[in-house]
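Beneath this line is the structure, given in structure tokens, with notes to follow.
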Amino acid sequence: MTDLNILSLHLNQLNEAQKEAVLYGTGPLLILAGAGTGKTKVLTSRIINLIHTNIVLPHQILAVTFTNKAAKEMVHRVSEFIPAEGLWLNTFHSIAAKILRRHADIFTLSSNFTIIGVDDQMRLIKNLLKEKDIDEESYPTKIISSIIQRWKDLALSEDDISNTDLKTEAHYIAKDIYGLYQFKLKALDAVDFGDLLLYNIKLFTKNPNILAEYHNRFKYILVDEYQDTNIAQYMWLRLLTNSDKNICCVGDEDQSIYGWRGAEIGNILRFEKDFPNAKIVRLEQNYRSTNNILFAASNLISNNNHRLGKNLWADSGNGEKVKIVTLADSNEEANFVAKEISKLEIDSSTSLKNIAILVRAGFQTRNFEEKFISYGIPYKVVGGLKFYDRQEIKDILAYIRITINPGDSLALERIINIPKRGIGPSNLASITEYAATNRLGILAAISVMIAKNLFKPKIKVELEKLTSLFYEWKEAFSRLEVKAAVQQIVEQSGYLEMWKNDTSIESQGRIENIREFLSALKSFPNINEFMEHVSLVTDNDVSDNDNMVNIMTIHAAKGLEFDIVILPGWEEGIFPNQRNIDELGTKGLEEERRLAYVAITRAKKKLIITNAMRRNIFGKWQNSITSRFIDELPAENIVNVNYGFYSGHNTVSQTKSINNGFYLFCVGDRVKHEKFGEGYVLRISDNQLEISFDNYGSKKILDQFVKRF
DNA sequence: TATTGTGTTATTTTT
DNA sequence: TAACACAATA
């Protein structure tokens, strides 16, 4: 496996630019990898090469990604060629957590601190706002928490917040809450996602000796998706880079689409300034799309000013032109897409799983779902509710959390009355208050309160039962396998029973989810490792097993590719999104344009962009204007089709032709007649269609004589 | 404590 | 429009 021949074979598969990037020696290196140019291949080949040629040992390499999926894929590809024991290849957060656990004592955290998710974060902040008597109407939890998170993205601790950061009243409130929030987290022995990096940065800046250890260890640093790094991640990377500056960043400024989440496109644009004498390699040969698609994307993105620039090309030929289709309204748009898909499936026997509908925002999926159901087209909406985000899974996780960490009041709050134990909000409030004033962990507080007889008899009994169960389960974790212990929790708590007795439609699904959850536990040696997995990994698989049309947001499609891509809703306000432009001006518009670029470059063979002249938004019909992005596509690579003439003046009976219960035609359909050629349906009465033929004008024809296509 | 009513608010969400 | 959160109600 580790034969030199394999490696050279591997290298021979690379193009010149890729080879240059893989073999480049020491010093800072920026690989500008356009969409579909093989960046993962280059990154992994570079790692393989570093190890194989004995430049460094695997454990002297630090490789960082954003997603677990990317990390997993890269590990897989590397280990296919070479044993890479000790290689650190993982997400920013996972590596930061690993480092922080090693030095947790410096921050008076235990080495198995909890990593809390967004929901707990919200709950904590909500509680704090209530405690501080802050009016939630004017300062909603969402706003305050997002301000704090943004500060963390900027690597600002509470005492780093200066007056210039306090732009609104809400920022002042957020500053106060920030301090209290951090205090609460400490008390819970917990950190949030942002903290993972913040603590790392503090660790490195305040402890030069510790930083030196890491400098000594990591000879080469590689970073994936550099365009999406935020300031904290940037600082973290700069701190970890030693004086040799062997840092290799791969990215594409044109695909930076997470600015609203704190990603700083400036990081990649500034690379040469940050690292003088940096080498820049551009990967411009695209292996994914045909040239019509590629040129459309290139032309569009050339309207952005904040970029380093590159020219994508492919030698796979021009392919089909990009189709721009205008429909009368949003219903017709969904109709058109559904018909187009049926047609594709029948005519070119395309598998549905190779088709994707990429929308700007989640609410757009609904139209398509409805139409697909009525047409009987199998589909799946990718990236909806994640497995670990399901109510029943979170409940069980809360049971586990309070069991292994008796101070985790957030977890207890969640499940103390699920299933019903008669312990309502007022009881809970008295417990948390008692815990706070006596500086006790939540479970300890309950025990003391039971001993002091501070509960009503019924409640006392329930709490006694519950607390003794927690201790029993804790013991079970040390004695039994993870799955068996959790099984015990699920049964003894009455949680599973609760869903079994539930008569609602979802309960069956929930029970199945619980079973799936239990079986997932099998692969973990201990509960701590499992909890780390849960807090840092979001399973979001696009499995190609099911043959279904994929519907998802453009964000969710990043990194994926499909033979056929349909991009609906290219209208001003929707795409580009109005709010983004209003709030961020040119900056917002450029990010929208990058989003359009990402969307277009997902397509391998066929790309259809649609827009509707009227759209039903929140129950109101609104006229819409074609997206400016459509005007930015080069005329020679596109073909326009206009079905937008009939704007909804037809009654239902006039818009559809139904024969023997089968739906046949719709006003606006393109049809073909043997003698008169192509045209579209103007009006329908029963089985008689009025058709406007392209070359023969309008005629009345019985539906049996024409075909829809 | 469960149910009904009212009001509010509708981007994107890698960890 | 519709979904969701939260408050008032029996």
Side-chain angles (χ1 to χ4, degrees), chain A residues 64-73 90-97 115-119 121-122 126 136-137 140-142 145-146 149 152-153 191-197 224-230 232-233 236 251 255-263 330 358-367 370 382-386 388-389 417 420-427 532-542 552-560 569 573-584 588 591-592 594-596 598-599 615-622:
Chain A
V64 224
T65 66
F66 272 85
T67 64
N68 290 288
K69 199 178 151 202
K72 222 166 134 183
E73 191 190 339
N90 219 322
T91 63
F92 276 99
H93 290 89
S94 164
I95 290 171
I115 301 167
I116 66 160
V118 252
D119 55 327
Q121 195 178 331
M122 295 291 258
K126 189 172 209 151
E136 259 219 76
E137 295 274 279
T141 313
K142 248 194 343 206
S145 110
S146 77
Q149 265 181 277
K152 289 188 174 181
D153 289 339
V191 305
D192 65 18
F193 286 125
D195 284 337
L196 288 170
L197 285 147
D224 189 22
E225 307 272 21
Y226 189 61
Q227 78 281 352
D228 286 332
T229 49
N230 63 29
Q233 287 155 340
W236 185 83
Q255 291 188 68
S256 169
I257 57 174
Y258 283 100
W260 48 275
R261 237 175 154 267
S330 42
L358 309 182
V359 296
R360 171 67 248 262
F363 70 84
Q364 291 172 267
T365 62
R366 207 152 121 183
N367 267 326
E370 282 168 6
V382 179
L385 192 57
K386 314 231 168 67
Y388 291 130
D389 282 341
N417 205 28
K420 298 255 154 14
R421 301 186 175 92
I423 304 160
S426 59
N427 280 311
E532 182 90 346
H533 171 84
V534 172
S535 41
L536 292 177
V537 174
T538 44
D539 288 302
N540 203 2
D541 291 354
V542 183
M552 65 185 102
T553 64
I554 299 168
H555 284 92
K558 194 179 170 205
L560 305 176
I574 298 216
F575 196 24
N577 178 280
Q578 194 57 48
R579 212 150 97 188
N580 228 341
I581 296 175
D582 290 348
E583 284 171 13
L584 299 160
E591 180 147 321
E592 292 290 308
R594 291 193 292 270
L595 206 43
V598 169
R615 182 165 293 274
N616 195 310
I617 298 173
F618 310 136
K620 274 186 191 148
W621 283 100
Q622 284 177 9

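Chain naming here is simple, since letters A, B, ... match the order of the sequence lines and numbering starts at 1 in each. These numbers come from the heavy atoms of this one structure, side chains and all, not from hydrogens, waters or symmetry mates.
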Subject >> Toward the 5' end of DNA chain B, by each residue's nearest nucleotide, A:G362 or A:F193 >> reply: A:G362
Original post:
Where each residue is assigned the nucleotide of DNA chain B containing its nearest heavy atom, which of A:G422 and A:T229 is assigned the position nearer the 5′ end?
Top reply: A:G422
Nearest-Å distance for atom pair [atom1]/[atom2], residues [X] and [N]:
X: A:L595; N: B:dT11; atom1: CG; atom2: P; result: 15 Å
X: A:I617; N: B:dT9; atom1: CD1; atom2: C1'; result: 15 Å
X: A:I257; N: B:dT11; atom1: CD1; atom2: P; result: 17 Å
X: A:F618; N: C:dT1; atom1: CZ; atom2: P; result: 13 Å
X: A:I574; N: B:dT11; atom1: CD1; atom2: P; result: 10 Å
X: A:I581; N: B:dT11; atom1: CD1; atom2: P; result: 15 Å
X: A:K420; N: B:dT1; atom1: NZ; atom2: P; result: 8 Å
X: A:M122; N: B:dT13; atom1: CE; atom2: P; result: 16 Å

Measure the spacing between [atom1] of [X] and [atom2] of [Y] and express it to the nearest 0.5 Å.
X: A:W260; Y: A:N577; atom1: CH2; atom2: CG; value: 11.5 Å
X: A:D224; Y: A:F92; atom1: CG; atom2: CZ; value: 9.0 Å
X: A:T91; Y: A:E225; atom1: OG1; atom2: CD; value: 13.0 Å
X: A:E591; Y: A:L584; atom1: CD; atom2: CG; value: 8.0 Å

Could you check which of [options] has an atom nearest any side-chain atom of [X]?
X: A:N577; options: C:dA3, B:dT11, B:dT13; value: B:dT11
X: A:F363; options: B:dT1, B:dT11, B:dT12; value: B:dT11
X: A:R366; options: C:dA2, B:dA10, B:dT12; value: C:dA2

**OP:** Using a heavy-atom cut-off of under 4.0 Å over every strand shown, decide if A:N616 touches base, sugar-phosphate, or nothing.
**Re:** nothing
Original post:
With a 4.0 Å cut-off on heavy atoms, is A:Y258 in touch with a base, just the backbone sugar-phosphate, or nothing at all?
Top reply: base
Original post:
Can you find a heavy atom in the side chain of A:F193 that is under 4.5 Å from one in the side chain of A:S535?
Top reply: no
Does [N] have OP1 or OP2 under 4.0 Å away from a side-chain N or O of [X]?
X: A:R261; N: B:dT11; answer: no
X: A:T553; N: B:dT11; answer: no
X: A:K142; N: C:dA5; answer: no

Original post:
What integer number of Å spans the P atoms of C:dA5 and B:dT12?
Top reply: 15 Å
Original post:
How far does the P atom of C:dC4 sit from the matching atom of B:dT11, given to the nearest Å?
Top reply: 14 Å
Subject >> Evaluation steps, side-chain contact (heavy atoms from CB on, under 4.5 Å), between A:Y258 and A:H555 >> reply: CA-CA 8 Å; A:Y258 283 100; A:H555 284 92; 3.7 Å; yes
Subject >> side-chain contact (heavy atoms from CB on, under 4.5 Å) between A:I115 and A:H93, intermediate numbers included >> reply: CA-CA 10 Å; A:I115 301 167; A:H93 290 89; over 6 Å; no
Subject >> Of A:K558, A:Q233, A:Q255, the residue whose pairing with A:D228 passes side-chain hydrogen bond (donor to acceptor under 3.5 Å, both in side chains) >> reply: A:K558
Original post:
Which heavy-atom pair separates A:I574 from A:G569 by the least distance, and what is that distance?
Top reply: CG2-O, 3.5 Å
Original post:
What would the secondary structure line of DNA chain B be in dot-bracket form, counting Watson-Crick and G-U wobble pairs under 3.5 Å, with [ ] for pairs that cross earlier ones and | for pairs with another strand?
Top reply: ||||||||||.....
Original post:
Where do A:E73 and A:T65 land on the side-chain contact (heavy atoms from CB on, under 4.5 Å) test, with the steps shown first?
Top reply: CA-CA 11 Å; A:E73 191 190 339; A:T65 66; over 6 Å; no
Got a list of protein N/O to nucleotides 8-10 of chain C N/O distances below 3.5 Å?
none

